[in-house]
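Just below is one structure, and these are the notes that go with it.
Sequence lines set the chain letters: A, B, ... in the order given, protein chains first and strands last, and positions in each chain run from 1. Since this is a predicted model, take the numbers as computed values, not measurements.
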Amino acid sequence: MQGSGNFLTGWKESLKDIDMETITIESLAGQIGKVATLRGWLQQKRGSKGLFFLVLRDGTGLVQCVVNQQNVEVNSWQNASAATQETSLVVTGKVHADERQIGGVEIQVSSIEVIQIVDDYPITPKAHGVEFLMDRRHLWLRSRRPWAVMRVRNRVIMSIHNFFQERGFLQMDAPLLTKNAVEGTSTLFEIDYFGSSAYLTQSGQLHGEVMAMAFNKIYTFGPVFRAEKSKTRRHLTEFWMIEPEMAFYDLEMNMTLAEDFLIRIASDAVSDCEEELEILERDLEALRRIQAPFPRMTYSEAVELLQSEKTRILVQERQDALQRQQSGLEKERTQNRDVYARSKEWKKRRIDAREIAINTHLDQIEEELRNLPKWWESAVNFEWGKDFGGSDETLLTWHFDRPIIVHHYPEAVKAFYMKRDPEDDRLALGMDVLAPEGFGEIIGGGQRADDLTFLEEQVRRHDLPQEAFEWYFDLRRYGTVPHSGFGLGLERTVAWVCGLEHIRETIPFPRTLGRLAP
RNA sequence: UCCUCGGUAGCUCAAUGGUAGAGCAUGCGGCUGUUAACCGCAGGGUUGUAGGUUCGAGUCCUACCCGGGGAGCCA
């Protein structure tokens with residue numbers, strides 16, 4: 001059947017026929033010398049008079065397919081000639097090893113059938129802005145970069161399940177619709193629930209505690225919703241959170257679990273996502289350094305470090321490095337302009353493109369140079385008792401090459417259900433894990449209050465409705481035990497593993513302030 | 001809500017207050033080993049909106065709309 005089917009008129013039937021012999025691009029390396037049939041879309045096309053190079057995408061990878069006019073029927077040659085970007089195709093040909101090509105293989109095409117020719121695919125293989133791409137997210141997902149990110153996301157999700165399942169945790173789900181706010185209503189999405197109001201959950205925390213008292217060690221894995229009006233690279237209004245909750249765990253055990261957990265995620269990504277991380281130009285060494293032990297410090301120690309001479313020196317060094325980069329780029333730009341007039345046309349175009357890249361980079365450097373003094377000022381004036389801001393977290397993580405754990409926070413900046421430090425009532429047994437390289441807080445958690453009287457008092461102090469928490473109080477009435485847990489933000493974690501600047505690239509369809517579609 | 005940067009061709013970006021341009025994409029032509037292929041030709045614009053200053057505004061001023069980044073808040 002190779003190369004002879006008329007797909008233009010009857011491709012649906014034919015697809016069924018070839019199903020047995022169709023293989024995916026990712027499995028081509030084991031098919032050298034054989035004839036393979038591939039189904040996919042045209043990512044890119046190059047060519048000359050009697051020769052076309054088609055880059056085929058099938059979702060599992062990319063492969064270059066060479067069409068030589070002398071080796072194919074007229075019909076196939078016309079199909080190759082007519083194929084445009086994202087045209088859906090069935091390609092049959094011999095698999096050749098070729099180290100120069102993507103995936104190390106190349107298809108010597110014997111026939112091409114077209115399923116649909118495409119006109120004017122909007123995402124061209126050139127630079128595009130964020131807004132343009134996000135408006136076309138349904139198509140953008142076909143591109144190489146989202147391909148890599150989504151595959152890493154999938155790997156991270158599998159690592160999470162494997163990690164907990166291997167340790168005897170039960171995966172259980174918390175409800176998404178809730179009657180009451182856990183921590184204030186300002187960040188909750190309110191919905192109509194048969195005439196009365198309800199909210200979309202912003203955490204599975206309290207229900208997680210219920211399940212831990214029933215099943216010992218559990219983890220939730222589900223979406224949460226935050227109506228925060230934040231427009232930053234770290235925020236989504238809908239994101240996925242993983243919340244383990246463990247009976248008979250204290251803060252120390254909680255921190256060790258979080259540490260083992262992140263090490264597992266990073267090491268699985270390094271070993272299983274080599275190709276994806278290479279596409280994303282991720283520094284693998286940075287991920288390989290994610291080893292125990294993570295630096296641990298109390299909030300007070302963190303404040304001290306933040307305001308220390310060591311931080312000032314780091315800021316100074318960063319400033320110097322940026323200024324060196326800046327003058328280097330400016331010098332390059334000047335040199336390019338000098339040679340521009342006597343350059344050939346193609347070279348001029350390279351220089352033009354490079355100038356745009358340099359200008360963009362210089363803008364970023366200038367912005368950071370503007371910010372650095374403010375960051376230092378804010379750090380040195382930091383008052384004990386406040387929560388860390390984004391810049392404070394970034395400066396703290398600059399001191400280390402792996403995630404850091406900050407614990408024993410002032411109780412005022414932590415949730416009402418946190419247990420107090422028995423030795424210092426001003427402190428809560430909470431902990432945050434801050435990812436390195438400025439990726440910020442990816443885990444927040446702690447040991448939960450297990451004393452009924454204390455919790456009732458806390459609910460009063462926070463002006464929360466007592467009756468709504470009766471079921472929660474029951475956990476402290478009937479067999480209360482020390483217990484702990486934490487929440488991991490999936491998208492922030494994926495952004496960190498992939499080394500992405502924007503969190504919105506880490507979820508298939510991001511929901512942010514001002515974006516609800518596609 | 002506040003601060004800050006931006007909005008020019010389908011896309012990415014240029015343009016001292018003085019005739020709106022380039023590359024890519026698209027169309028046509030050329031090229032048998034391309035890797036963001038290359039070479040030639042062509043079409044493509046109410047410069048976000050509304051006012052104002054000026055002999056003259058993409059450029060300056062005012063207001064508004066939309067977007068990026070950040071603060072607050074957070075994973």
Side-chain angles (χ1 to χ4, degrees), chain A residues 43-55 62 64 66-71 84-85 98 100-102 106 108 119-136 144 183-184 186-187 202-203 205 224-243 344-346 348-357 359-360 363-364 366-368 370-371 374-375 378 386-391 393 413 415 432-435 439-445 486-496 501-504 506 512-515:
Chain A
Q43 177 108 358
Q44 205 191 99
K45 186 169 87 173
R46 297 178 285 270
S48 51
K49 193 179 182 184
L51 197 64
F52 279 119
F53 301 95
L54 310 180
V55 179
L62 297 175
Q64 173 164 286
V66 185
V67 190
N68 190 320
Q69 190 170 16
Q70 293 175 349
N71 302 341
T84 52
Q85 195 187 354
D98 189 334
R100 293 168 301 176
Q101 308 307 338
I102 319 162
E106 179 177 88
Q108 300 286 354
D119 287 327
D120 297 327
Y121 184 68
I123 302 177
T124 59
K126 294 294 172 213
H128 297 284
V130 181
E131 188 189 5
F132 178 85
L133 289 171
M134 272 304 169
D135 283 343
R136 291 156 187 79
R144 200 158 158 73
E183 310 162 53
S186 62
T187 61
Q202 54 182 349
S203 164
Q205 155 71 41
V224 292
F225 307 88
R226 303 270 169 99
E228 291 158 4
K229 294 198 172 176
S230 301
K231 276 172 58 171
T232 82
R233 65 184 77 178
R234 300 185 306 279
H235 285 85
L236 295 168
T237 53
E238 175 188 285
F239 64 97
W240 288 69
M241 193 147 74
I242 293 87
E243 295 182 278
K344 298 217 159 111
E345 275 306 310
W346 68 268
K348 282 183 179 170
R349 259 175 269 128
R350 292 278 158 85
I351 294 175
D352 286 342
R354 178 66 190 152
E355 171 136 358
I356 288 167
N359 287 345
T360 308
D363 282 350
Q364 288 168 354
E366 271 171 38
E367 190 182 342
E368 193 171 341
R370 270 199 309 273
N371 284 336
K374 294 183 200 164
W375 287 12
S378 147
K386 287 195 319 178
D387 205 355
F388 296 121
S391 66
E393 288 180 354
V413 304
D432 285 350
V433 182
L434 309 179
F439 285 96
E441 185 180 345
I442 54 175
I443 281 179
F486 59 82
L488 172 91
L490 177 65
E491 286 74 17
R492 285 188 183 178
T493 304
V494 173
W496 163 56
E501 211 167 312
H502 300 273
I503 194 176
R504 58 177 150 239
T506 64
T512 59
L513 189 65
R515 176 165 303 280

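When heavy atoms are screened at a 4.0 angstrom cut-off, A/Leu236 is found touching base atoms of the nucleic acid. Across all strands shown, A/Phe239 has heavy atoms under 4.0 Å from base atoms, whether or not it also approaches the sugar-phosphate. Residue A/Gln43 is classed as having no contact, given no heavy-atom separation below 4.0 Å to the nucleic acid. Nucleic acid contact class of A/Gln108 (heavy atoms, under 4.0 Å, all strands): base. Within 4.0 Å (heavy atoms only), A/Ile503 reaches at least one base atom of the nucleic acid.
Looking at every heavy atom in both residues, A/Glu491 comes nearest to A/Phe239 through OE1-CB, 3.3 Å. Taking every heavy atom of both residues into account, A/Gln85 and A/Thr124 meet most closely at OE1-CA, 3.9 Å. For A/Thr237 against A/Thr512, the heavy-atom pair with the smallest separation is OG1-N, 3.8 Å.
To the nearest angstrom, P of B/A75 lies 7 Å from CZ of A/Arg492. Following rounding to the nearest Å, A/Ile123 (CD1) and B/U12 (P) show an atom-to-atom distance of 11 Å. In this entry the distance linking CZ of A/Phe53 with P of B/A36 reads 13 Å, nearest Å.
Counting distance only, with no hydrogens placed and no angle test, the side-chain atoms of A/His128 and the base atoms of B/C11 include no donor-acceptor pair under 3.5 Å. Interface remark: the A/Ser230 side chain does form a donor-acceptor pair with the B/C73 base, using a distance-only criterion of under 3.5 Å. Scanning atom types as modelled, no donor and acceptor separated by under 3.5 angstrom connect the side chain of A/Gln85 and the base of B/U26.
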Let me check I have this right: for RNA chain B, each base becomes ., (, ), [, ] or |, based on Watson-Crick or G-U pairs with both distances under 3.5 Å. What is the full string? (((((((..((((....[..)))).(((((.......))))).....(((((..]....))))))))))))....
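On the C1' atoms, B/G23 is 14 Å away from B/G44, given to the nearest whole Å. Nucleotides B/G68 and B/G30 have their P atoms positioned 46 Å apart, rounded to a whole Å. Straight-line distance between the P atoms of B/C60 and B/A14: roughly 14 Å, to the nearest whole Å. Between B/A42 and B/A9, the distance separating the two C1' atoms is 15 Å to the nearest Å. Between the C1' atoms of B/U12 and B/G6, the separation comes to 14 Å (whole Å). Between B/A25 and B/C13, the two C1' atoms lie 14 Å apart (nearest whole Å).
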Tabulate protein N/O versus nucleotide N/O from nucleotides 66-69 of chain B, keeping only pairs under 3.5 Å, one per line.
unit_1, atom_1, unit_2, atom_2, d
B/G68, O3', A/Arg504, NH2, 3.2
B/G69, OP1, A/His502, ND1, 2.9
B/G69, OP1, A/Arg504, NH2, 2.6
B/G69, OP2, A/Arg504, NH2, 3.4
B/G69, O3', A/Arg233, NE, 3.2
B/G69, O3', A/Arg233, NH2, 2.9
B/G69, O2', A/Glu367, OE2, 2.8

Strictly under 3.5 Å: I want the nitrogen or oxygen pairs between protein and nucleotides 29-32 of chain B, one per line.
unit_1, atom_1, unit_2, atom_2, d
B/C31, OP1, A/Lys49, NZ, 3.2
B/U32, O4', A/Ser48, OG, 3.3
B/U32, N3, A/Asn68, OD1, 3.4
B/U32, O4, A/Gln70, NE2, 2.8

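The side chain of A/Val66 has B/G33 as its nearest neighbour among B/G33, B/U34, B/U12.
For A/Arg234, no side-chain nitrogen or oxygen approaches OP1 or OP2 of B/G72 to under 4.0 Å.
By the salt bridge (Lys or Arg N to Asp or Glu O under 4.0 Å) test, A/Asp135 pairs with A/Arg515, sequence neighbours left out. Evaluation of the ring-ring contact (aromatic ring centres under 6.0 Å, His included) rule for A/His128 yields A/Phe132 as partners, not counting sequence neighbours. Residues meeting the salt bridge (Lys or Arg N to Asp or Glu O under 4.0 Å) test with A/Asp98, sequence neighbours left out: A/Arg100.
When each of A/Thr506, A/Ile442, A/Ile443 is checked for a side-chain contact (heavy atoms from CB on, under 4.5 Å) with A/Arg492, only A/Ile442 meets the rule.
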